[in-house]
Amino acid sequence: QKLIADCLDKVSELIALRKEQLAKLDQLVKSRFIELFGLPVSNSKGWNTEKMREVAPAVNYSGGFEDAVWLLNLDMVEAQTGRILDYLYVNEDEVGNSTCTFDTTNVLYSKLRPYLNKVVIPDRYGYATSELIPLKPNPMKLERTYLAFMLRSDEFVNMINEKVAGAKMPRVSMSDFREFDVPVPPMELQKQFAAFVEQTDKSKVVLESILTKYHKIDLITCIQAGL
């Protein structure tokens, strides 16, 4: 029994360690963003700015779909990270009316409960709840990874969280959102940041795969190991 308990304790320690490493990678990306671009709301590095409505308007995907389509709801998006927790595929005729469409040129921004900070960089096209706004950054001005992390930044979240309507279901004031002055750094710098995020994401994939293996280690596995 002691061997089993020790095994389970060790697995718990390893899971906690890997989760801590993932959190540190997320913090590393945030720190890198601030290092390169400064604070986006106060525009601490003095970049040229353009209105959100001009450089990243809401634009739906207008192309065709396969028989089965990806339908993204808010509960499938992890708060703070934008990670997709589950992929739901349905027939297109099962998609409701309160939806938008998107593809891999969009950044999906949740206007509901902005403090949850749900911002998605989609890796495929699909439908989403209308609570997600399909922003389409101008590729000559904004790299979408830069835009996504600007929207996720603590300063932006704190600012936009003060511009909401509704008590029980607070939603972002879209007029304020569209009029936000987006800092527009040099594209080369934005691409440099996107490359950094891509490398970090590869490290996260490795850690997440290890976590998945650890979660599969259950009591029976420990008993067998003890035997």
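Throughout, residue positions are numbered sequentially from 1 according to the sequence presented.
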Least distance between heavy atoms, [X] atom then [Y] atom:
{"X": "Phe37", "Y": "Pro185", "answer": "CD2-CG, 3.5 Å"}
{"X": "Asp123", "Y": "Thr104", "answer": "C-CG2, 3.4 Å"}
{"X": "Arg124", "Y": "Phe102", "answer": "O-CE1, 3.3 Å"}
{"X": "Thr49", "Y": "Pro183", "answer": "CG2-CA, 3.9 Å"}
{"X": "Ser110", "Y": "Leu74", "answer": "OG-CD2, 3.5 Å"}
{"X": "Trp47", "Y": "Asn43", "answer": "O-ND2, 2.8 Å"}

Spacing of [X] atom [atom1] and [Y] atom [atom2] [to the nearest 0.5 Å]:
{"X": "Asp154", "Y": "Asn117", "atom1": "CG", "atom2": "CG", "value": "8.0 Å"}
{"X": "Leu71", "Y": "Thr99", "atom1": "CG", "atom2": "OG1", "value": "7.5 Å"}
{"X": "Leu85", "Y": "Thr81", "atom1": "CG", "atom2": "OG1", "value": "7.0 Å"}
{"X": "Leu108", "Y": "Arg144", "atom1": "CG", "atom2": "CZ", "value": "9.0 Å"}
{"X": "Lys30", "Y": "Gln80", "atom1": "NZ", "atom2": "CD", "value": "6.5 Å"}
{"X": "Met174", "Y": "Arg53", "atom1": "CE", "atom2": "CZ", "value": "13.0 Å"}

Next item on the list: Please assess Tyr127 against Phe65 for the test ring pair (Phe, Tyr, Trp, His ring centres under 6.0 Å), listing each intermediate value before the final yes or no.
Entry: CA-CA 10 Å; Tyr127 284 84; Phe65 288 94; 4.7 Å; yes

Check: Taking only residues at least two apart or on different chains, which pairs with a member in residues 99-111 satisfy salt bridge (charged side-chain N to carboxylate O under 4.0 Å, His left out)?
Finding: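 Listed by first then second residue: nothing to list.
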
Within one Ile-Leu-Val-Met-Phe-Trp-Tyr cluster: [X] and [Y], side-chain cutoff 4.5 Å:
{"X": "Met150", "Y": "Val157", "value": "no"}
{"X": "Leu147", "Y": "Leu189", "value": "yes"}
{"X": "Val59", "Y": "Phe177", "value": "no"}
{"X": "Phe193", "Y": "Met187", "value": "no"}
{"X": "Leu116", "Y": "Leu112", "value": "no"}

Less than 4.5 Å apart, any side-chain heavy atom of [X] and any of [Y]?
{"X": "Val29", "Y": "Phe196", "answer": "yes"}
{"X": "Tyr109", "Y": "Val119", "answer": "yes"}
{"X": "Leu142", "Y": "Gln190", "answer": "yes"}
{"X": "Arg178", "Y": "Ile133", "answer": "no"}
{"X": "Val182", "Y": "Glu54", "answer": "no"}
{"X": "Val107", "Y": "Val120", "answer": "no"}
{"X": "Val164", "Y": "Ser173", "answer": "no"}

With a sphere of 6.0 Å drawn around [atom1] of [X], does it hold more than 12 non-hydrogen atoms of other residues, nucleotides or ligands?
{"X": "Glu188", "atom1": "CD", "value": "no"}
{"X": "Asp93", "atom1": "CG", "value": "yes"}
{"X": "Asp67", "atom1": "CG", "value": "no"}
{"X": "Asp181", "atom1": "CG", "value": "yes"}
{"X": "Lys191", "atom1": "NZ", "value": "no"}

[Y] backbone acceptor or donor facing [X] side chain under 3.5 Å:
{"X": "Asn161", "Y": "Pro114", "value": "no"}
{"X": "Lys136", "Y": "Pro57", "value": "no"}
{"X": "Arg32", "Y": "Val197", "value": "no"}
{"X": "Asn106", "Y": "Leu135", "value": "yes"}
{"X": "Asn138", "Y": "Met140", "value": "yes"}
{"X": "Ser44", "Y": "Gly38", "value": "no"}

Check: Quick one: is the NZ or CZ of Arg152 closer than 6.0 Å to the six-membered ring centre of Phe149, and within 45° of its axis?
Finding: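 The answer is yes; both the distance and angle limits are met.
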
Check: Of all residues at least two apart in sequence or in a different chain, which pass the salt bridge (Lys or Arg N to Asp or Glu O under 4.0 Å) check with Glu50?
Finding: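 Expected list: Lys141.
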
Check: Going by atom types alone, do Glu155 and Ser153 pair a side-chain donor with an acceptor below 3.5 Å?
Finding: no

Checklist line | side-chain hydrogen bond (donor to acceptor under 3.5 Å, both in side chains) between Glu143 and Thr145, intermediate numbers included | finding: CA-CA 6 Å; Glu143 207 284 334; Thr145 302; 3.2 Å; yes

Checklist line | Check: Tyr146 ring centre within less than 6.0 Å of Phe33 ring centre | finding: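 Yes - the distance between ring centres of Tyr146 and Phe33 falls below the 6.0 Å cut-off.
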
Note to self: Under 6.0 Å between ring centres: does that hold for Phe156 and Phe180?
What the structure shows: yes

